[in-house]
Protein chains: 2
Amino acid sequence: MHTCTDAFDCFVSRVLPKRTGPETVRLFRTLGSHVHLKADRQLHYPEDEPTLVFLCDGATKLVAHASDHREQVLAFHFTGDLLTLPAHGAHSYTLEALIECDLMTFPYAQFLQAAEKHQQVLTQLLERSTVSLQRSREKTLTLGRKSALERVSSFLLSMAERIGRGDGSEVKLDLPMSRRDIADSLGLTIETVSRQFTLLRDQGLIRTQGRSGVTLLRVDELDRRAGHLRVAA
Amino acid sequence: MHTCTDAFDCFVSRVLPKRTGPETVRLFRTLGSHVHLKADRQLHYPEDEPTLVFLCDGATKLVAHASDHREQVLAFHFTGDLLTLPAHGAHSYTLEALIECDLMTFPYAQFLQAAEKHQQVLTQLLERSTVSLQRSREKTLTLGRKSALERVSSFLLSMAERIGRGDGSEVKLDLPMSRRDIADSLGLTIETVSRQFTLLRDQGLIRTQGRSGVTLLRVDELDRRAGHLRVAA
DNA sequence: GTATCTCATTGATCCAGATCAAGGAGCGCC
DNA sequence: GGCGCTCCTTGATCTGGATCAATGAGATAC
């Protein structure tokens, strides 16, 4: 198991600029808390104030809850990701570990205050926030206008980009999330997700190994299935 | 018609910190361009680099385009909003005027560089980006897990919050977007959107005046229809 | 190694919303 | 001020994915 110091060091090297003074590092250390989460456990965080989370190691999902126990996965996160947990509004949000996780949490407001003198940290925060927004917008298009097959294809391509291991022309994936998580992320049911996997397998575009292993055999064809725009203007 | 100076002044007073030095103001002026857009026109911007836009006056929609001419409205913007137009990736994006608009555009990278010495500007950019992300996440939940009636109710409540004019217990709206835009924003068809309006009207929750006028008569009931979580934990 | 339990797959039926098809109403233009 | 056009509404039918219902296959515990 990681110690608190390891997790914090990981944060320092990944988020803070190279030559940050030791007194600044100490300041961030006083603000942050190290949390270890076993698979399927959720992070407890204050409902009324935003929290900044750095995922040192592992994989998580951000889930929004509506009435009637409906759940929507808003985003998946992997080692090295930085994310902001919003205060609860019209809906409530939870961050749940897909596999064993180490993370550092910071009260958002205090973190921002500490970062004010270091615009490199601010810039990085802004940059990562922009990436999150960009991903969220792609998801909006996917959920609003795409068929089940297109959604699953888009999902696989997106995962390939983030956690794929290239192997010649193939891309190998080890999906840390269940079919249910995928369904909740794509606005589908597990049955429909499963059927699309079968379809893609039958068409020779992917190969599956066990529950979590997926190999993308023809990325170009998947791109077509995902409903992405061709080169044209 | 507004002059360039008017639009820029609007930007200065709304985005830059109160006591920004005149030389800094001049720097931003050299970076920014004033653009006037008539209704239904779209902003032309470079495809390969992100652009920052400040909406001095008017209303716009950000549209994502997938294959087969399918369109998804990612967000609506109103007077005073600041938004980032991403470089094109798997999909292309356009910003279109819903009504006559005045806006200031800045090359994102250069704007960020200019803002580096003024963390108040950075902080504001970050804050607005966070609000956009929050809205986008709410939209994700809406598109992924809500029924047509819930989507339209959520939409009306969201518009009430942003451009509603309170009038006792009622909220009056003058919607600048068409039924098609609403449909493209909610992942529905115009027919379905229209049917939900009729339903809400028949149930006495809203009143409509012409094409764009809507009065929310019972916000509490709309909240229930929108599938928001009750107080409970 | 095998018992068991959860997760994934496959099949049958159903339904919310899409699609197809007319009207009707608001708004701009001449 | 009325002509015409576009946008909106309403109705009928169709369908992709949800729901319901069994199996089947991986993982975990013993």
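Everything numeric in this text was worked out from a predicted model, so none of it was measured. The figures here come from the full heavy-atom set of this structure, side chains too, leaving out hydrogens, waters and symmetry mates. Letters A, B, ... mirror the listed sequences (proteins, then strands); counts begin at 1.
The pair Asp9(A)-Arg14(A) does not meet the salt-bridge criterion, since no charged nitrogen lies less than 4.0 angstrom from a carboxylate oxygen. Salt-bridge annotation for Glu221(A) and Arg225(A): present, with a side-chain N of the basic residue lying under 4.0 Å from a carboxylate O of the acidic one. The residues Glu150(B) and Arg224(B) are annotated as not salt-bridged, no charged nitrogen and carboxylate oxygen being separated by less than 4.0 angstrom. For Lys61(A) and Asp184(A), the salt-bridge test fails: no basic side-chain N is under 4.0 Å from an acidic carboxylate O.
Separating the CG atom of Asp68(B) from the P atom of dT19(C) is a distance of 12 Å, rounded to the nearest angstrom. Here the P atom of nucleotide dA16(C) and the CD atom of Glu191(B) are 18 Å apart, to the nearest Å. For Phe197(A) and dG26(D), the CZ to P distance is 15 Å, given to the nearest whole Å. The distance between atom CG of Asp184(A) and atom C1' of dA18(D), rounded to the nearest whole Å, is 14 Å. The CD1 atom of Ile190(B) sits 8 Å away from the C1' atom of dC8(D) (whole-angstrom rounding). Rounded to an integer number of Å, the gap from Met177(B) CE to dC7(D) P is 16 Å. When the P atom of dA18(D) is taken as reference, atom CD of Gln196(A) falls 9 Å away, rounded to whole Å. Atom CG in Leu200(A) sits roughly 16 Å away from atom C1' in dT10(C) (whole-Å rounding).
Ranking dT6(C), dC27(C), dG17(C) by closeness to the Arg211(B) side chain, first place goes to dC27(C). Across dC7(C), dG17(D), dT9(C), the shortest atom-to-atom separation from the side chain of Thr198(A) is found for dT9(C).
Two residues, Arg180(A) and Arg145(A), neighbour DNA chain C, and the one matched to the more 5' nucleotide by heavy-atom proximity is Arg180(A). Mapping Lys146(A) and Gly210(B) onto DNA chain D by nearest heavy atom places Gly210(B) at the nucleotide closer to the 5' end.
At a threshold of 4.0 angstrom between heavy atoms, the contacts of Thr189(A) include nucleobase atoms, whether or not backbone atoms are also involved. Using a 4.0 Å heavy-atom cutoff across all strands shown, Gly187(A) reaches sugar-phosphate atoms only and no base atom. At the heavy-atom level, Ser194(B) lies under 4.0 Å from base atoms of the strands shown. Nucleic acid contact for Leu188(B): sugar-phosphate only, since backbone atoms but no base atoms lie under 4.0 Å from a heavy atom of the residue.
Gln72(B) and His91(B) share no side-chain donor-acceptor pair at under 3.5 Å. Remark: the Ser92(A) side chain and the His65(A) side chain contain no N/O donor-acceptor pair separated by less than 3.5 Å.
Side-chain atoms of Arg179(B) stay outside donor-acceptor range of the base of dT10(D), with no qualifying N/O pair under 3.5 Å. A donor-acceptor contact under 3.5 Å is formed by the side chain of Arg195(B) with the base of dG11(D). At a cut-off of 3.5 angstrom, counting only N and O atoms as typed in the model, there is no donor on one side facing an acceptor on the other between the side-chain of Arg201(A) and the base of dT10(C). At a cut-off of 3.5 angstrom, the base of dG17(C) holds no donor-acceptor pair with the side chain of Arg151(B).
Note on Thr192(A): a side-chain N or O is less than 4.0 Å away from OP1 or OP2 of dA18(D).
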